[in-house]
Number of protein chains: 2
Amino acid sequence: MSETPPEPDESRPDGGPPPPRRRVNRREQILRAAADVFATQGFHNTSLADIATMLDITPAGVLHHFGSKTGLLTAVLELRDDTEPAPGGSPMLDHLVTTAERNSERPGTTQLYAVLSAESATEDHPAQGWFRERYTVLRRDIEGAILDRLGPEQRGPAGAPGPGGHSPAGAAAAAVIAVMDGLQVQWLLDPEAVDMALVTETVIDALVARLARGE
Amino acid sequence: MSETPPEPDESRPDGGPPPPRRRVNRREQILRAAADVFATQGFHNTSLADIATMLDITPAGVLHHFGSKTGLLTAVLELRDDTEPAPGGSPMLDHLVTTAERNSERPGTTQLYAVLSAESATEDHPAQGWFRERYTVLRRDIEGAILDRLGPEQRGPAGAPGPGGHSPAGAAAAAVIAVMDGLQVQWLLDPEAVDMALVTETVIDALVARLARGE
DNA sequence: GTCTATAGGGAGATAGAC
DNA sequence: GTCTATCTCCCTATAGAC
């Protein structure tokens, strides 16, 4: 299953800086394994032993690098594999569709965030603050992207605060995020049943069109 | 918190069936406690002891009634507190908004399904089949409701199979469900940040308008 | 710096008391 | 029919070996 790359003896002529390790760093190996198994099993349902076994070490070997199971979770979340940086403004909306498409080919990552985000809504979950912050930032950014796409002339009413202190564009932003999240669960349970990218695009278009009409 | 309604002593003139218990039935008490705590803590993170403690019995006392922890989960899911039966056809769409509104006042139930549905997307989760089936039925019903609202004249293109074998109305149905689910997670993490009913209504309207325009 | 041995405290479920 | 005593297993984390 897990291959352990051979470790060549590294020669250091002078008494230089601390020896660089050929092996990518145990820490990274553990992070990858943890991300995989948190995704397929959830956080609470995963034991340190599950992760340790994948690397042929003991559970305590894992804990050494992260202090606690919670510390490991935090590190996994920070990992954020942003292969491509998210653009700002109107192009961000297209980027969201692309992301949905990409997620269809990475069940592991998709599952990781889908499962953990919902699990974080339980009492005193260690990832709660992380996800709360993430949603706050996402809502703000996507609201900006929507206003950007509408253009200055149509922006007026959509940007103004509405009921509950939220602007229509802000509500639309929450909706877009919600659609993407909700679709992931449906897709994970039944991949044939939904086309995440198509539906995401449809909802974005429908919401932007509605805002453009000033409703 | 949970009130235990008094059980009137039922008089049996003849030597009828086994003696009625004054207490509502242990089974029901356990179900309510389990639903509460599954909601706030998730399924995997909840122990039988957590539930047993609430009723001042031992974990095995709980297991007696349901055989296994999984059996208890299944029973909780079947519980479905459909206070009001969901209508069919176009009124169902209004009912969805009402449901979102009601969910804002029942964090417990909201959390139960939000957390469990995502958790069910993990490997071999006992509730996986239940949620898969639930989504399949919901998508079909809501698709019907959308077509109903569109009316016969506009229904044509929306009902026809599109890319991936799914009709535009079917995609919209998946989107509506996704929005409701996704909003729940955002709302649970930050109740002030989103208005579930408002956003749900907005998305439904935007999607129906789009279909009506034949896009 | 990296990891193992072991502690110490639950977990779910079986078997059987009342 | 209802529940407890108890078994066995597995969990996270500390302390310390190499």
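Below, read A as the first sequence line, B as the second, and so on, with proteins coming before strands; counting in each chain starts at 1. Just so it is clear, the values below take in all heavy atoms, side chains as well, and ignore hydrogens, waters and symmetry mates.
- Nearest nucleotide to the A/Ile57 side chain, out of C/dT2, D/dT12, C/dT4: C/dT4.
- A donor-acceptor contact under 3.5 angstrom links the side chains of B/Asp50 and B/Ser47, judged on distance only.
- In this structure, B/Glu28 atom CD and D/dT2 atom P are separated by 13 Å, rounded to whole Å.
- Residue A/Arg26 has a polar side-chain atom (N or O) positioned under 4.0 Å from OP1 or OP2 of C/dC3.
- Atoms CG (A/Leu55) and P (C/dC3) sit 9 Å apart, rounded to a whole Å.
- B/His65 has a side-chain polar atom (N or O) that falls below the 4.0 Å cut-off from OP1 or OP2 of D/dC3.
- For B/Asn25, the side-chain atoms get nearest to D/dT2 when compared with the rest of D/dT4, D/dT2, C/dT4.
- The nearest whole Å value for the distance from the CZ atom in B/Phe66 to the P atom in D/dG1 is 16 Å.
- Across all strands shown, B/Thr70 has no heavy atoms under 4.0 Å from either base or sugar-phosphate atoms.
- Pairing each heavy atom of A/Ile177 with each of A/Tyr135, the nearest pair is CG2-CE2, 3.6 Å.
- Within the 4.0 angstrom heavy-atom criterion, base atoms lie near A/Leu63.
- Comparing B/Ala60 and A/Ala60, the nucleotide of DNA chain C nearest to each residue sits closer to the 5' end for A/Ala60.
- In this structure, A/Gly67 and A/Asp50 both approach DNA chain D, and ranking their closest nucleotides by distance from the 5' end singles out A/Asp50.
- Protein atom CD1 of A/Ile30 is 16 Å distant from nucleotide atom P of C/dG1, rounded to whole Å.
- A centroid separation of 6.0 Å or more is found between the aromatic rings of B/His125 and B/Phe131.
- Put simply, CG on A/Leu48 is 19 Å from P on C/dG8, counting in whole angstrom units.
- As judged by a 4.0 angstrom heavy-atom cut-off over every strand, A/Ser47 is placed among residues touching the sugar-phosphate backbone only.
- Computed from coordinates, the A/Leu73 CG to D/dA13 P distance equals 12 Å when rounded to whole Å.
- Whole-Å rounding puts the B/Asn45 CG to C/dG12 C1' distance at 15 Å.
- With hydrogens and angles ignored, the 3.5 Å screen pairs a side-chain donor or acceptor of A/Ser167 with a backbone N or O of A/Gly170.
- A salt bridge links B/Glu28 to B/Arg32: one of the charged nitrogens lies within less than 4.0 Å of a carboxylate oxygen.
- Here the P atom of nucleotide C/dC18 and the NE2 atom of B/His64 are 17 Å apart, to the nearest Å.
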